[in-house]
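Report on the structure given below.
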Amino acid sequence: MPEEDPRILELRSVRAKARAGGGQDRIEKQHAKGKGTARERIDGLLDPGTFNELEPFITSDTDELGMAPEKFLGDGVVTGYGQIEGRPVYVYAQDFTIYGGTLSEMQSHKICRVMDLALRNGAPIIGLIDSGGARIQEGIKSLGGYAEIFRRNAQFSGVIPQISVMLGPCAGGAAYSPALQDIIIMVEKQSFMFLTGPEVIKAVTGEVVDAESLGGSDIHMSVSGTAHLATRTEEEAIALTRRVVSYFPSNNVENPPFRQTSDNPQRMDDLLNSIVPIDPSHSYSMHEVIETIVDKESFLEIQPEWARNAIVGLARLGGQSVGIIGQEPSVMAGVIDIDAADKMTRFVRMCDCFNIPLVTFVDSPGFLPGVSQEHGGIIRHGAKLLYAYSEATVPKATVITRKAYGGAYVVMSSKYLGTDITYAWPSAEIAVMGAEGAANILYRKQIENAPDSAAKRREMAALYREKFGNPYYAAGAGYIDDIIEPRETRSKLIAALSALRDKYAPAPPRKHGNIPV
Ligand code: HXC
C-alpha cells in the first residue's frame, strides 16, 4: 500500500476546518437553539448526495480596523448547487456560527457568484438566511456587498425563481434581499425580520419592543404581508421549500413541470352544486370550492393569514401548475380592500412572469367603501390589480361563482381585461351594484313617495335582482363565455387550460411599464 500523498492529507484537514464553520462551541450553541448549521440545512433541502460546494476556502480579507481578529474559511456562507426532485438549483446558506452569518464583502462575492451561475443556467436560487445583516467591522464594504445582491435580486426578478427561507434573526440587508424575491418562508418563534432591531429602536425612539412582536412570523404573516408562508420548525420550512419549487419552472422561458395525478380530470363533485346558499346574505367557503376543484391535496395557499378576504395560492389542475386567485366570501364578504388588492396583484405578476396560468374565482361585492380606504389610496392599490391582470399574458380563466359587482367584476380578470375564458355559475350576480343599493338610487323618488317606503324598496330591489341577479343578461350580451354547473368546473377548467397551453400574446415593445406602486 503506497503512503498517502501528504498534500491530500492537507486538503482533507483544510476541508474539515472549513466544515467546522465558527467552531464546535458555536455549533453547539446553534443546535441548543433548535437550529441546524448551514450544511445541515442544505442537506435537508437538496436531493441526497447532490450538493456541490463552491469557494469553501474564501476568507474575509478586510480588517483594516483590527476589529475582526478571527478569520474563518467560507466567511459565513456556504454556497453551491444541487438538485430538488432531479432539477438543478443554486443555494446559499448563511452560517450563523461565523460572525452571526453577517454579510462581508467576500460573503457577498460568494452569494453573487451562485446567483450569477443560477441566472446563466436558468435555475432557481434559494437562500437559507440566518444573519445579523451588514458585518459591522467592514463598514462600506459590507453595505456595497448588499447593493451587489439587491441589484441582482431586482434584475433577475421574473427570470429565475428566487426563494428565501428565513431561519434566524434577519436584520437590515438580510431582510431587504428576501423582500425583493418571489417567496419568503419563515419559522415561528425562530425567524425575525426587521430593518432596525429592538436595541436600535430603543436607542433612537425610546420604544421598547421584543424581536417577536417587532418582526416575528406572526407579524409578517398577518400584519405586514411581507412573508408568504410560515412553519413551526425549520425542518418543515425546508421541506416546504422543496414543495414550493415543484410548482415553478426553472426559469421564465420554461413551462412549470407537469406532475402526474391520479385525480380524474372529469371528476364532478356534487357538493359544488349546493355550496352557494340560495339566500345571498349567507356565506360559504371559497377555500372549500377551490380545494374541491383542483387536483387533490395540490392547493398551497400563499399568505393565508394576511388580507384573508382574498385568497391566492399555487395548485395543479390535471397535473399542471396554476395560480389561484379568489375572494373568501366568509371574510368581510370578500370585499376588495387595499391589502387584498396588493396581495392579489403581486401574486398575479409572480405567476405571469413564470408562465403559471391564472384561474380566478370571483365572489365580491366590490371595493371597500370608506374614508380610511380612500385616503389610504385604494384607487392606487386597486389600479395595480387592474394593471396586473391586463398585463398578464399567461392563459387566464375566470369563474364567477356569485357576486361580481361593479369594480369587483371589472378588476377580477373580466373578459375584456384580456381573460381567455370566462365562466359563470347559475348563482352569479353580475351587476354594477347590489339590488338594494341600486333600487335606492334608481327609484329614490318612487320609494320616498310610496305609502309604504320599505315595501316599495323591496319591490324595486326585486325587480332589479330579476334582471341582474343572474348571469343570463351578461351571457346574452357576450360578457361571459358560458354558464356552467358548479360541479363541471374542474373538467371545464382543465379543458380550457389545455386549449390555451400554446397561447401567444406578445405585448407591445417597451422598456417596462409604470405600474402604480
Ligand atoms: C458583526 C455581528 C453582527 C453584525 C451579530 N454579530 N451581528 N458581527 N456585524 N451586524 C456577531 C456577534 O458579535 C456574535 O459574535 C455573533 O454574531 C452572534 O451574535 P449574538 O448577538 O451573540 O447572537 P444573538 O443573541 O442570537 O443575536 C443575534 C442578532 C444580534 C439579533 C442578529 O446580534 C443583533 O442585533 N445584531 C445586529 C443587527 C443589526 O443591527 N445589523 C445591522 C443591520 S444594517 P461571536 O463572536 O460572539 O460569536 C444593514 C444595512 C443593510 O444590514 C442595508 C439595507 C438597505
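Order of listing sets the numbers, starting from 1, for every ligand and every atom in it.
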Is any side-chain heavy atom of [Y] closer than 4.5 Å to one of [X]?
| X | Y | result |
| --- | --- | --- |
| K503 | V394 | no |
| F150 | Y176 | yes |
| V245 | I163 | yes |
| L240 | L300 | yes |

Just which atoms of ligand 1 are under 4.0 Å from any heavy atom in [X]?
| X | result |
| --- | --- |
| G133 | 52 (O) |
| R26 | 45 (P), 46 (O), 48 (O) |
| G132 | 10 (N), 32 (C), 38 (C), 39 (C), 41 (N), 42 (C) |
| G172 | 43 (C), 49 (C), 52 (O) |
| Y176 | 54 (C), 55 (C) |
| K33 | 26 (O) |
| R135 | 1 (C), 9 (N) |

Compute both the distance and the angle, then confirm whether K35 meets the cation-pi test with F96: under 6.0 Å from the six-membered ring centre, within 45 degrees of the axis.
yes
Ignoring hydrogens, tell whether any protein atom lies closer than 4.0 Å to [atom]; use the non-hydrogen atoms only.
| atom | value |
| --- | --- |
| atom 41 (N) of ligand 1 | yes |
| atom 54 (C) of ligand 1 | yes |
| atom 23 (O) of ligand 1 | yes |
| atom 17 (O) of ligand 1 | yes |
| atom 46 (O) of ligand 1 | yes |
| atom 26 (O) of ligand 1 | yes |
| atom 34 (C) of ligand 1 | no |
| atom 10 (N) of ligand 1 | yes |

Quick check on the 6.0 Å ring-centre criterion: do Y81 and F51 meet it?
no
At what distance is the nearest protein heavy atom to [atom], and which residue and atom is it?
| atom | value |
| --- | --- |
| atom 6 (N) of ligand 1 | Y99 O, 4.1 Å |
| atom 14 (C) of ligand 1 | G100 N, 4.9 Å |
| atom 19 (O) of ligand 1 | F96 CZ, 4.1 Å |
| atom 31 (C) of ligand 1 | P169 CB, 3.8 Å |
| atom 51 (C) of ligand 1 | G173 N, 3.3 Å |

Between V517 and R380 the two heavy atoms that sit nearest each other are O-NH1, 3.0 Å
Which is it for [X] and ligand 1 at heavy atoms under 4.0 Å: side chain, backbone, both or neither?
| X | result |
| --- | --- |
| I136 | both |
| L143 | side chain |
| Q137 | side chain |
| F192 | neither |

Does the side chain of [X] pick up a donor-acceptor pair with the side chain of [Y] at under 3.5 Å?
| X | Y | answer |
| --- | --- | --- |
| S285 | S330 | no |
| Q162 | N153 | yes |
| H31 | E40 | yes |
| T50 | D47 | no |
| S246 | R316 | yes |
| Q30 | D130 | yes |

When you compare ligand 1 with A134, is there at least one nitrogen or oxygen pair between them that comes in under 3.5 angstrom?
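Yes - when backbone and side-chain N and O of A134 are compared with those of ligand 1, one distance drops under 3.5 Å.
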Determine, for R243 against E297, whether the closest basic-nitrogen to carboxylate-oxygen distance falls under 4.0 angstrom.
no
Step by step, work out the side-chain contact (heavy atoms from CB on, under 4.5 Å) result for I311 and F299.
CA-CA 11 Å; I311 305 172; F299 185 52; 3.8 Å; yes
Can you figure out which of T102, L195, T196 has its heavy atom closest to atom 2 (C) of ligand 1?
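Ranked by closest heavy atom to atom 2 (C) of ligand 1, first place is T102.
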